[in-house]
Protein chains: 2
Amino acid sequence: MNEKSRRPGLLQAGRPSPTLEDLATAAGVSRSTASRAINGGLKVSPEAQAAVDAAIVALGYTPNRAARSLVTRRTGSIALVIPEPDARVMMDPFFAAVITGVNEALRGTDMQLVLLMSRAGDDSARTMRYLRGGHVDGAIVVSFHEADDWAETLGTTGLPTVFIGRPWAMGFGVPYVDLDNFEGGRLAARHLAATGRTRLGTVAGPADMTAAVDRLEGWKQGVREAGLQPGPVIHGDFTTAGGAEAARDLLSGSPELDGVFAASDLMALGVIDVVRGGGRKVPEDVAIVGFDNHSLLAANGMGLTTVTQPMVDMAVTAGKLLIRVIENPEEQLEPVIYPAELVVRGSTAGHGD
Amino acid sequence: MNEKSRRPGLLQAGRPSPTLEDLATAAGVSRSTASRAINGGLKVSPEAQAAVDAAIVALGYTPNRAARSLVTRRTGSIALVIPEPDARVMMDPFFAAVITGVNEALRGTDMQLVLLMSRAGDDSARTMRYLRGGHVDGAIVVSFHEADDWAETLGTTGLPTVFIGRPWAMGFGVPYVDLDNFEGGRLAARHLAATGRTRLGTVAGPADMTAAVDRLEGWKQGVREAGLQPGPVIHGDFTTAGGAEAARDLLSGSPELDGVFAASDLMALGVIDVVRGGGRKVPEDVAIVGFDNHSLLAANGMGLTTVTQPMVDMAVTAGKLLIRVIENPEEQLEPVIYPAELVVRGSTAGHGD
DNA sequence: CCATGTGGTGAGAGCGCTCCCACATCCGTG
DNA sequence: CACGGATGTGGGAGCGCTCTCACCACATGG
């Protein structure tokens, strides 16, 4: 007010961040040179570089991201889009793994992770605007449903995008990381058949998610290959409660079942509860195979036989893929498919063996 | 190249976002008026407002956050700081709840959530720089340890901050949301005593976290009030594996225990495994009380008696608190403490009753 | 000897936005 | 009819940064 009023900023209480100008003055160089020294240091003399480096430390300088963003058109952040705002769904270890993995991939970069959780319909339009508005450099989309047209919209938008899970609409050149869900379902069927179960049924995932559909198709094929009847199929929502509900339907319709494949561990838990609630024993009367290899269910009780997927690795890969797309938008990237593996535990033991 | 080269942006392929100038032109008003219409619309005639609104829709205009940020000194995003980058730790439903809750609190605001997961020591300095660099308008810090001096540093920095969990250092005026952990521990002790257990021990949480310390203090007091001996205390790390390890120590040192309080459900799971592995029965020989009311452990097996905390609600409150601090930095906010409640299930059944 | 680099530098423009201020209306009141 | 006070409007500066460009020293080649 009384003086120059445009002091280095130290007196502003709220945000004492020094500007590049201040940095340059402190280092005894021009703003341009300081800027160069910060960004890679090409065409900067060793002395100038050293002076700037020292000044950075002395002043505790951090570049103003907004200002940089304004001119570079890069924001230094990517979005993780999760169209499931529900705490119940978030409990799924899948999300913890995805978040951890993507974060891991970003380590070393100075990129930050912005979490975009949007209820479908509700504020998905808002999410799309945010994504298209250039507020992030790229997006990782996860757990999408058929009705979400992320693939189409983002694919045509030009925003670098990577999917975790095979998108419904292909041909938009959007790379993705996925598990071989088909093989996973097939493995479950073959395993149940191999342990002597003959009357099989499945609690599948939501019919509007490719992961669920693929697991189901694989399951059917596996059952067929084992020479067994294609049993009943009920769809659940991947949660424990949904699995229990589906299991009630399944077992009331087909009480003779002796092997059930649930397309998620959480649903498998629900199935086990219902089976036991009906007075039948697991695995003696009914064998159960889950999907995900949820760590909590590994050792708990008798242990759940399940199909395992390297979720964290998949997320790391997705993150790295996205960074590549951002840095080189022209490059066409192939999908990365991880193999599924069966982990045998107590829930399919005994019986014929 | 050939013409003005500064076209509205539609031809830039990458990011076709129209600028405020374009918007104003389309609406037939000045840049200033358009800006006013967008931000609250004070001192804007109804006609101008309508024209701008229409143009926004027509052009699909989204304000450039970077540019706005540059002048307003507001970024429109807040950080969620989680000093635990480990997938194993992330599995804890606590984080899912926190993320969901904070996100819920942000709904309606146009704030975005930036996830900052930093390994202590490793890149916590980087995290601090990011936070202090004015890249976010505020921060929610969660699951901090005594060695993390977030409270001190952020408290003096002036960055609006809210803690989830009581911070170690008080007196920095940093508001927080917490559970009455002391009462939770006390409830666990009194319940075990009430069901006739007399030889009690506990697997406490990390000694460098206030939640763990408070639970332990409450537990000790509860044991004392019941007229029992203060039993052995072993510290775990809140994970299942950590709980199992602690339980081995606990039980090898004190094989006579008939009641154990684990400071987290995940640890309780580890304790149960070890107890059973040692040939003893839960709850007949040893009763177990957990903490968190993890949904997976509610119905699974016999059901875990536990202390419940409204994690999502707490996170929502933290988010709302933060928004208040951001909007009114002067206001002094009181901590919000939620009550703890005991949920009795199978793991403490039978015995004396 | 001048032409042509080549590494290092600084001035200046401008990214898209908000906010201050000057100005132009249109009131109601003395 | 003159005047202060609303009410609405547009021009302009400037937020902190990057990037182009002109420039200066030298070195190198003919």
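Small disclaimer: the values here were computed from a predicted structure and weren't measured. The sequence lines fix the lettering, A, B, ..., with proteins before strands; numbering per chain opens at 1.
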For the side chain of [X], counting heavy atoms from C-beta on, which of [options] is nearest?
{"X": "A:S45", "options": "D:dT9, C:dG16, C:dT9", "value": "C:dT9"}
{"X": "B:L70", "options": "C:dT18, C:dG16, C:dG14", "value": "C:dG16"}
{"X": "A:K43", "options": "C:dT9, D:dG8, D:dT18", "value": "C:dT9"}
{"X": "A:N39", "options": "D:dT18, C:dC17, D:dT7", "value": "D:dT18"}

Problem - Under the ring-ring contact (aromatic ring centres under 6.0 Å, His included) test, residues paired with A:Y61 that sit two or more places apart - result: none
Whole-Å distance separating the [atom1] atom of [X] from the [atom2] atom of [N]:
{"X": "B:R65", "N": "C:dT18", "atom1": "CZ", "atom2": "C1'", "value": "16 Å"}
{"X": "B:L23", "N": "C:dC17", "atom1": "CG", "atom2": "P", "value": "8 Å"}
{"X": "B:R68", "N": "C:dC15", "atom1": "CZ", "atom2": "P", "value": "19 Å"}
{"X": "B:R36", "N": "D:dT9", "atom1": "CZ", "atom2": "P", "value": "8 Å"}
{"X": "B:R73", "N": "C:dC17", "atom1": "CZ", "atom2": "P", "value": "18 Å"}
{"X": "A:L20", "N": "D:dG14", "atom1": "CG", "atom2": "C1'", "value": "16 Å"}
{"X": "B:E47", "N": "D:dT9", "atom1": "CD", "atom2": "P", "value": "7 Å"}
{"X": "B:R74", "N": "C:dG16", "atom1": "CZ", "atom2": "P", "value": "23 Å"}

Handout entry: A:R74 backbone acceptor or donor facing A:S69 side chain under 3.5 Å
Key =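 Judged by distance alone, yes, a pair lies under 3.5 Å.
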Problem - Side-chain N,O (B:Y61) to OP1/OP2 (C:dC17) below 4.0 Å - result: yes
Exercise for the section: Using only side-chain N and O atoms of A:S69, determine if any of them is under 4.0 Å from OP1 or OP2 of C:dC15. Expected result: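 No, outside the criterion.
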Problem - Beyond-backbone contact of A:P175 with A:V325, side-chain heavy atoms, under 4.5 angstrom - result: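 Answer yes - side chains close enough.
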Exercise for the section: Could you pull out the closest heavy-atom pair between B:V44 and B:A48, with the gap in Å? Expected result: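 What the structure gives for the nearest pair is CG1-CB, 3.8 Å.
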Handout entry: Residue pair A:G76 / A:D137: nearest heavy atoms and the distance that separates them
Key = N-OD2, 2.8 Å
Problem - Pair A:R73-B:N64, side-chain donor/acceptor within less than 3.5 Å - result: no
Practice task
May I ask you to check whether A:S30 and A:T33 show a side-chain donor-acceptor distance below 3.5 Å?
Solution key: yes
Practice task
Look at all strands and tell whether A:A66 reaches a base, only sugar-phosphate, or nothing, counting heavy atoms closer than 4.0 Å.
Solution key: nothing
Practice task
Using a cut-off of strictly less than 4.0 Å between a heavy atom of the residue and any atom of DNA chain C, enumerate the qualifying residues of residues 24-35 of chain A by number.
Solution key: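 Nucleic-acid contacts, sorted: A:V29, A:S30, A:R31, A:S32, A:T33.
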